[in-house]
Amino acid sequence: MFLNIFHFLIVLIDNKLGFLSGTGRIRHTFYSPALFRKMTKRTRFAPSPTGYLHVGGARTALFSWLHARKHGGAFILRIEDTDLERSTAESVNAILEGMTWLGLEYDEGPLYQTKRFDRYNEVIDQLMEQGLAYRCDCSKDRLDALREHAMAHKEKPRYDSHCRNRNIDPDTPHVIRFRNPDDGVVVVDDMVRGRVTYNNSELDDLIIRRTDGSPTYNLTVVVDDSDMNISDVIRGDDHLNNTPRQINILQALNKEIPRYAHLPMILGDDGTRLSKRHGAVSVMQYMEQGFLPEALLNYLVRLGWSHGDQEIFSQEELIQLFDIANVNKSASSFNTEKLLWLNQHYIKSADPYHLAHLLSPHLGRLAIDPTEGPDIVEVVKAQQERANTLVEMAEISEFIYRDFDEFDENAAKKHLRPVARQALEEMKKSLQALTSWDVEHLHDCVEQVSTSLDLKMGKVAQPLRVAVVGRAASPGIDVTLYLVGKEACLRRIDKALAYIEKREQQAKA
RNA sequence: GCUCCCUUCGUCUAGUGGCCUAGGACUCCGGCCUCUCACGCCGGCAACAGGGGUUCGAGUCCCCUAGGGAGCGCCA
């Protein structure tokens, strides 16, 4: 019953997302001739929907996607949801959202494993018939005892094949185990790790069907990769040790062995395993924090991969230059500082119109309505070189849209002093008289006041800046005045003059 | 514990036996530019985990040690 409800939900989500996301749902049915499939590279990303898309998963997806794109192949998304307890529809949603934001479009999928139980059972039955799998009714207690005993004797815990020839009654509760070869070796010829050899004596008879009848990971992965004609399996290196078992199952099934590439993991900035305490781990958190997808992608691709000394890559360059063979073997630590630098780079070089579109929601979060102010594109142009993130850009642009409450203490102390009063008063007069409020005239205006008072431009511009912005940093003074607008400028200069006045009174008292 | 994997500046990396006096990037520190903040430009600090071999020659090949990671589930 639970299973059925679950299926129903998945189908619902599937349909809904297809409608919502729009991307990545093109089905390349023309690939169907099996022969043609074998000739083209087919990669997949196969997350289990038990949480959001984190940066490690995103990089795995990226490498897989690049490998497929580079070779003109197909990139397939498969949802590994056989763990009915932990899989959720929200997670599926979050993963698809993350991939869409990053622009990792898939050619086929999302395919759900929960929809393929019949096929897994078919394969398991086939293995049973061929004597390559068997029923086992060993109790949890027995298995635990086995494990404890092995550990105590400094051995690797292995199932002892106790039920191999016991012919257990199909009607009693049981699991099904794969009969692993007893001797010989399995060689994994990995595209990044090189040749890794395992002794079959290290492996045991793993469970492929649970007591409740559901198939387990190592079986489903093998069946799916094979059925979907995956030519290159690119995944995290936590799966390296599963690979020999999977190869053995594939061989028992008489199926072709795909090429493997096991990617090193991504660690937090302190060198320990990435977790929530490292701040942002979900790719959507990066969106919320004002990162551009191209920056995150560029950062992620350089984690473990390089092309000489090149740091900046366009998507086209990546597809052209990426080579899975150049991927490092060792784990790397996530460094937010460098990501910020890349983000700034992409903000700097982005099209202002495009950026304006992305900035709007971040202004919205500060309860600013971008239409109640100057052209947002002008704001973006003015701030493009001084923001590391869109969040920062919104924050440093707040003064354009509304009056600040207090002057920044240090800035006011330094620039809003009695000596600045004359400059501010002159500026006020001059601005009041100005008929065309544009950058050029505003620039002339500040310059003229400086000259007439025989002051360096900084002596006028800085007090003026603090008066109008509230703090000591902003775009060029002319652009700043222009964006704030005449009315607000005059109002704020008055406020600054009042501040100076008050300060003078206090000094006397 | 056992099996497998990994190890170049703080971080990401270049390096495929002589091009290495170990290069680039981020960070940091100086300086220039400048109306501020940024941007940009110039300069600086900083690494081959340790020990044995092989070789005329080792960051690069081999072995050992140390450190780190993963797997050893009726999780994926």
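Note on naming: letters A, B, ... go to the chains in the order of the sequence lines (proteins, then strands), and numbering restarts at 1 for each one.
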Mapping A:Cys138 and A:Ser306 to their closest nucleotides on RNA chain B, which lands nearer the 5' end? A:Ser306
So, OP1 or OP2 of B:C72: does either fall under 4.0 Å of a side-chain N or O from A:Lys156? no
Just the rounded figure in Å: distance from C1' of B:C12 to CZ of A:Phe313. 12 Å
Any donor-acceptor pair, under 3.5 Å, between the side chain of A:Asp238 and the base of B:G71, if you only look at N and O atoms? no
Determine the contact category for A:Glu311: base if any of its heavy atoms lies under 4.0 Å from a base atom, sugar-phosphate if only primed atoms, P, OP1 or OP2 are that close, otherwise nothing. base
B:U13 P sits how many Å from A:Leu321 CG, rounded? 17 Å
A:Ser333 side chain near B:C12 phosphate (N/O to OP1/OP2, under 4.0 Å): yes
Looking at the side chain of A:Ala472, which of B:U36, B:C6, B:C4 is the nearest nucleotide? B:U36
Rounding to the closest angstrom, what is the interatomic distance between B:U34 and B:C28 at atom P? 24 Å
Do you know which two heavy atoms are closest between A:Arg465 and A:Ile477, and how far apart they sit? NH2-N, 3.2 Å
P atoms of B:C61 and B:C5, separation to the nearest Å: 15 Å
Pairwise P distance, B:U8 and B:G30 [rounded to whole Å]: 30 Å
From the list A:Arg158, A:Arg164, A:Arg135, salt bridge (Lys or Arg N to Asp or Glu O under 4.0 Å) partner of A:Asp205 resolves to A:Arg164
Classify A:Ser214 by what it touches in the nucleic acid, base, sugar-phosphate, or nothing, heavy-atom distance under 4.0 Å. nothing
Going by atom types alone, do A:Tyr346 and A:Asn298 pair a side-chain donor with an acceptor below 3.5 Å? yes
Confirm from the modelled atom types if A:Asn241 and B:A70 form a donor-acceptor pair under 3.5 Å, side chain to base only. yes
Choosing from B:C6, B:C26, B:U36, which nucleotide comes nearest the side chain of A:Asn335? B:C26
Please state the P separation for the pair B:C9 and B:G51 - nearest whole angstrom. 16 Å
If you check every side-chain atom of A:Asp83, which of B:G1, B:C4, B:A76 has the closest atom? B:A76
What interatomic distance, in whole Å, is found between C1' of B:C12 and the corresponding atom of B:A46? 15 Å
Are a donor atom and an acceptor atom from the side chains of A:Tyr217 and A:Asp83 found within less than 3.5 Å of each other? no
With no hydrogens and no angle check, do the side chains of A:Asp190 and A:His262 hold a donor and an acceptor under 3.5 Å apart? yes
Options B:U27, B:C6, B:A38, nucleotide nearest the side-chain atoms of A:Glu385: B:A38
Would you call the rings of A:Phe322 and A:Trp305 parallel, tilted or perpendicular, taking 30° and 60° as the class edges? tilted
Have a look at A:Val175 and say if it touches a base, only the backbone sugar-phosphate, or nothing, with a 4.0 Å heavy-atom cut-off. base
P atom, B:G17 versus B:G24: distance in rounded Å? 23 Å
Nearest-angstrom distance, P atom, B:G31 to B:G69: 42 Å
Could you label the plane-to-plane angle of the A:Phe407 and A:Tyr499 rings as parallel, tilted or perpendicular, counting under 30° as parallel and over 60° as perpendicular? perpendicular
Any strand counts, and the cut-off is 3.5 Å on both contacts for Watson-Crick or G-U wobble. Which nucleotide pairs with B:U36? none
Looking for any heavy atom pair under 4.0 Å, which part of the strands does A:Tyr198 touch: base, sugar-phosphate only, or nothing? sugar-phosphate
Check: B:C37 base within 3.5 Å donor-acceptor of A:Arg386 side chain: yes
Describe the nucleic acid contact of A:His239 in one word from base, sugar-phosphate, nothing, applying a heavy-atom distance below 4.0 Å. base
Would you say A:Asp454 has more than 12 foreign heavy atoms packed within less than 6.0 Å of its CG? no
Once you apply the 3.5 Å cut-off to both distances, tell me the Watson-Crick or G-U wobble partner of B:U54, or none. none
Answer with base, sugar-phosphate or nothing: what part of the nucleic acid does A:Asp212 contact at a heavy-atom distance below 4.0 Å? nothing
Whole-Å gap separating P (B:C26) and CZ (A:Phe334): 17 Å
Nucleotide opposite B:G17 in a Watson-Crick or G-U pair, distances under 3.5 Å: none
Under 3.5 Å, is there a donor-acceptor pair linking the side chains of A:Arg471 and A:Asn410? no
Where the side chain of A:Ala461 is concerned, which of B:C35, B:A14, B:C5 is the nearest nucleotide? B:C35
Scanning all shown strands, the Watson-Crick or wobble mate of B:A22 with both distances under 3.5 Å is none
Is A:Pro475 touching bases, backbone alone, or none of the nucleic acid, heavy atoms closer than 4.0 Å? base
Please tell me which of the listed nucleotides, B:U36, B:A76, B:A70, lies nearest to the side chain of A:Met265? B:A70
Given RNA chain B, 5'-ward residue of the pair A:Met457 and A:Pro47, judged by closest heavy atom: A:Met457
Rounded to whole angstroms, how far apart are CG on A:Asp160 and C1' on B:C2? 17 Å
Can you tell me the base-pairing partner of B:G73? Count Watson-Crick or G-U wobble geometry only, both distances below 3.5 Å, and say none if there is no partner. none
Sugar-phosphate only, base, or nothing, as touched by A:Arg86 at under 4.0 Å among non-hydrogen atoms: base
Interatomic distance where CG belongs to A:Leu342 and P belongs to B:C39 [whole Å]: 14 Å
Any base atoms under 4.0 Å from A:Gly476, or only sugar-phosphate, or nothing? Heavy atoms, all strands. base
Compare side-chain N and O positions of A:Arg471 against OP1 and OP2 of B:C37 and report whether any pair is under 4.0 Å apart. no
Any side-chain donor paired with an acceptor under 3.5 Å for A:Ser474 and A:Thr480? yes
Could you work out which one of B:C6, B:G73, B:C12 sits closest to the side chain of A:Lys329? B:C6
Quick one: is B:C72 close enough that its OP1 or OP2 comes under 4.0 Å of any side-chain N or O from A:Arg245? no
Watson-Crick or G-U wobble mate for B:C41, both contacts under 3.5 Å: B:G31
Distance-only donor-acceptor check, side chains A:Gln310 and A:Glu317, under 3.5 Å: yes
Check the phosphate of B:U11 against A:Ser332, side-chain N and O only, distance under 4.0 Å to OP1 or OP2. Yes or no? no
Mind checking A:Ile477 for me? I need base, sugar-phosphate or nothing, with any heavy atom below 4.0 Å counting as a touch. base
Pairwise P distance for B:G52 and B:A14, with rounding to whole Å: 28 Å
Report, one pair per line, the protein and nucleotides 40-47 of chain B atoms (nitrogen or oxygen only) whose separation is under 3.5 Å.
residue: B:G40; atom: OP1; partner: A:Lys348; partner atom: NZ; Å: 2.9

